[in-house]
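To find a chain, count down the sequence lines: A is the first, B the second, and so on, and within it residues start at 1. Owing to the predicted nature of the structure, the values given are computational and were not obtained by experimental measurement.
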There are 2 protein chains.
Amino acid sequence: MNKEIRKTMPLLPISIVMQLTDLTARQIRYYEEHELIVPARTEGNRRMFSLNDVDDLLEIKDLLEQGINMAGIKKVFEMKNEPLVTKQLKKEITDEDLRRILREEMRQAQSMQKTSIRHGDLSRFFS
Amino acid sequence: MNKEIRKTMPLLPISIVMQLTDLTARQIRYYEEHELIVPARTEGNRRMFSLNDVDDLLEIKDLLEQGINMAGIKKVFEMKNEPLVTKQLKKEITDEDLRRILREEMRQAQSMQKTSIRHGDLSRFFS
DNA sequence: AACACAATGTTAGGTTTTCTAACATGCAAA
DNA sequence: TTTGCATGTTAGAAAACCTAACATTGTGTT
């Protein structure tokens, strides 16, 4: 009986996610349409969301309030999965560039720590 | 925006609870009928379960497999909320009784610790 | 053996929730 | 002013859930 509840397990119906995020069903489906989230589906085609999905939705909401559009948010999400260094390596950069990039990445990591306390982190919700 | 996700928040529809506990809807509703759990309801009268409810259901399942019936399980649940000492005090016991009871309670607390690792504790599910 | 009861299965009919798809609206940028 | 993005609204269909009733299974009792 090797069960495990992970933040990635699809547990929540859309009604609950609406309450948790203060988004409308229309908004949530629209963001899925733009592939910012990919909720699981039941056999009967109902969406089921994980806590990570809720997390992502809260971040989307925040970025939208900052005036960023779907395309921008999609790019932001891509960057989260593929760190700066990786992308730059693909471009065959010089050592000089690399040093600049690493400095920049450290700077970003710092500011992310600050903001992650306020935005898009479900952990703060748990007692 | 003082939100908080607690183990007591009703987030899960019955279908998910069925998967999590390997119980049928009939069983879950039957246990509610006997007031072993009291899931929340949506405006439209659908049951919504908290993680604590799932926890309780797993414990119910375990106790049932041990041959304990509804009445017995209900008593076990009452005891969890009202520790032995409290109940005995109501009966105006002698000091001699009290000493016996405290010894017994410690014994039970020990065995509870052992079994709680295996049964009725959702925390083991989280990554 | 016959019975009684507890726990669960099954079915029927009705209601709520969610789905997709289409069209409407508000607003900002070109 | 026209365009396009984000969201609202509506309609019709399907899935999920509800209660209530009756059926089945297993177990203990007389």
Side-chain angles (χ1 to χ4, degrees), chain A residues 9-51 53-54 56-78 119-120, chain B residues 9-51 53-54 56-78 119-120:
Chain A
M9 284 192 62
L11 301 174
L12 315 174
I14 197 170
S15 53
I16 294 295
V17 175
M18 291 170 63
Q19 294 175 204
L20 256 29
T21 60
D22 266 308
L23 295 168
T24 65
R26 182 66 167 94
Q27 287 175 303
I28 294 169
R29 296 191 190 113
Y30 183 69
Y31 305 151
E32 180 190 15
E33 204 172 315
H34 286 263
E35 301 174 291
L36 298 180
I37 53 172
V38 187
R41 297 285 183 140
T42 67
E43 284 193 6
N45 200 36
R46 262 110 189 88
R47 272 169 267 252
M48 296 298 300
F49 299 79
S50 69
L51 290 174
D53 289 330
V54 176
D56 286 348
L57 285 169
L58 288 171
E59 187 169 358
I60 291 169
K61 191 183 177 188
D62 185 60
L63 293 172
L64 272 172
E65 282 164 5
Q66 294 178 218
I68 302 170
N69 63 9
M70 293 294 107
I73 297 175
K74 187 181 281 187
K75 194 60 95 181
V76 170
F77 275 34
E78 283 169 13
H119 305 306
Chain B
M9 282 191 64
L11 301 174
L12 315 174
I14 198 170
S15 54
I16 294 294
V17 175
M18 291 170 63
Q19 294 175 205
L20 256 29
T21 60
D22 266 307
L23 294 168
T24 65
R26 183 65 168 92
Q27 288 174 302
I28 295 169
R29 296 191 190 113
Y30 184 69
Y31 305 151
E32 180 190 15
E33 205 173 313
H34 287 264
E35 300 175 294
L36 298 180
I37 53 171
V38 187
R41 298 285 184 138
T42 67
E43 285 193 4
N45 201 35
R46 261 111 189 90
R47 271 170 266 254
M48 295 300 300
F49 299 79
S50 68
L51 291 174
D53 289 330
V54 176
D56 286 348
L57 286 169
L58 288 171
E59 188 168 358
I60 291 169
K61 191 183 177 189
D62 187 59
L63 293 171
L64 273 172
E65 281 165 4
Q66 295 178 216
I68 303 171
N69 63 10
M70 294 293 107
I73 296 175
K74 186 181 280 187
K75 192 62 92 182
V76 169
F77 275 35
E78 284 169 13
H119 305 304

Undergrad: What is the distance, to the nearest angstrom, from the NE2 atom on His34(A) to the P atom on dA6(D)?
TA: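 Taking atom P of dA6(D) as the reference, NE2 of His34(A) is at 6 Å.
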Undergrad: Protein-nucleotides 2-5 of chain D N/O pairs closer than 3.5 Å?
TA:
none

Undergrad: Provide the closest heavy-atom pair for Met70(A) versus Leu64(A) in the form atom of the first, atom of the second, distance.
TA: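 Where Met70(A) meets Leu64(A) most closely, the heavy atoms are CE-CD2, 3.8 Å.
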Undergrad: Check every nucleotide of DNA chain C for an atom under 4.0 Å from a heavy-atom of chain B, then give the first and the last such nucleotide from 5' to 3'.
TA: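 That gives a stretch of dA6(C) to dT17(C).
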Undergrad: For a side chain to side chain contact (heavy atoms under 4.5 Å, CB included) check, start with the C-alpha distance between Thr21(B) and Phe49(B), then their side-chain angles and the critical distance, and finish with the verdict.
TA: CA-CA 12 Å; Thr21(B) 60; Phe49(B) 299 79; over 6 Å; no
Undergrad: In chain order, what residues pass the side chain to side chain contact (heavy atoms under 4.5 Å, CB included) check against Glu43(A), with sequence neighbours excluded?
TA: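 If we apply the side chain to side chain contact (heavy atoms under 4.5 Å, CB included) test to Glu43(A), skipping adjacent residues, there are no hits.
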Undergrad: I'd like to check the salt bridge (charged side-chain N to carboxylate O under 4.0 Å, His left out) partners of Arg46(B); sequence neighbours left out, ordered by chain and number.
TA: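 Partners of Arg46(B) by the salt bridge (charged side-chain N to carboxylate O under 4.0 Å, His left out) criterion come out as none, since no residue qualifies.
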Undergrad: Sort me out a list of protein N/O and nucleotides 23-30 of chain D N/O pairs below 3.5 Å, or just none if empty.
TA:
none

Undergrad: Arg26(A): which residues meet the salt bridge (charged side-chain N to carboxylate O under 4.0 Å, His left out) condition with it, sequence neighbours left out?
TA: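 Scan of Arg26(A) (salt bridge (charged side-chain N to carboxylate O under 4.0 Å, His left out), adjacent residues dropped) gives none.
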Undergrad: Under the rule for salt bridge (charged side-chain N to carboxylate O under 4.0 Å, His left out), what residues qualify as partners of Arg29(A), not counting sequence neighbours?
TA: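 Counting only residues at least two positions away or on another chain, Arg29(A) forms no salt bridge (charged side-chain N to carboxylate O under 4.0 Å, His left out).
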Undergrad: Just by distance, do the side chain of Asp53(A) and the backbone of Ser50(A) share a donor-acceptor pair under 3.5 Å?
TA: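 Such a contact is found between Asp53(A) side chain and Ser50(A) backbone.
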Undergrad: With sequence neighbours excluded, what pairs up with Asn45(B) under the side-chain hydrogen bond (donor to acceptor under 3.5 Å, both in side chains) test?
TA: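 With sequence neighbours excluded, Asn45(B) shows a side-chain hydrogen bond (donor to acceptor under 3.5 Å, both in side chains) to Arg41(B), given in chain and number order.
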Undergrad: Please list, one pair per line, the donor and acceptor atoms closer than 3.5 Å that link side chains of residues 33-40 of chain A to other protein atoms, with sequence neighbours excluded.
TA:
unit_1: His34(A); atom_1: NE2; unit_2: Tyr30(A); atom_2: OH; d: 3.4

Undergrad: Reading nucleotides 14-19 of chain D 5' to 3', which nucleotides get B (base under 4.0 Å from a protein heavy atom), which S (sugar-phosphate only), which -?
TA: BBBBSB
Undergrad: If we only count heavy atoms from C-beta on, is the Leu20(B) to Leu11(A) side-chain gap below 4.5 Å?
TA: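 Answer yes - side chains close enough.
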Undergrad: Could I get the full list of side-chain hydrogen bond (donor to acceptor under 3.5 Å, both in side chains) partners for Thr42(A), not counting sequence neighbours?
TA: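 Once residues adjacent in sequence are excluded, Thr42(A) has no partner under the side-chain hydrogen bond (donor to acceptor under 3.5 Å, both in side chains) criterion.
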Undergrad: Is there a side-chain contact between Leu12(B) and Val54(B) in this structure, where contact means two heavy atoms from C-beta onward sitting under 4.5 Å apart?
TA: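 A side-chain contact under 4.5 Å exists here.
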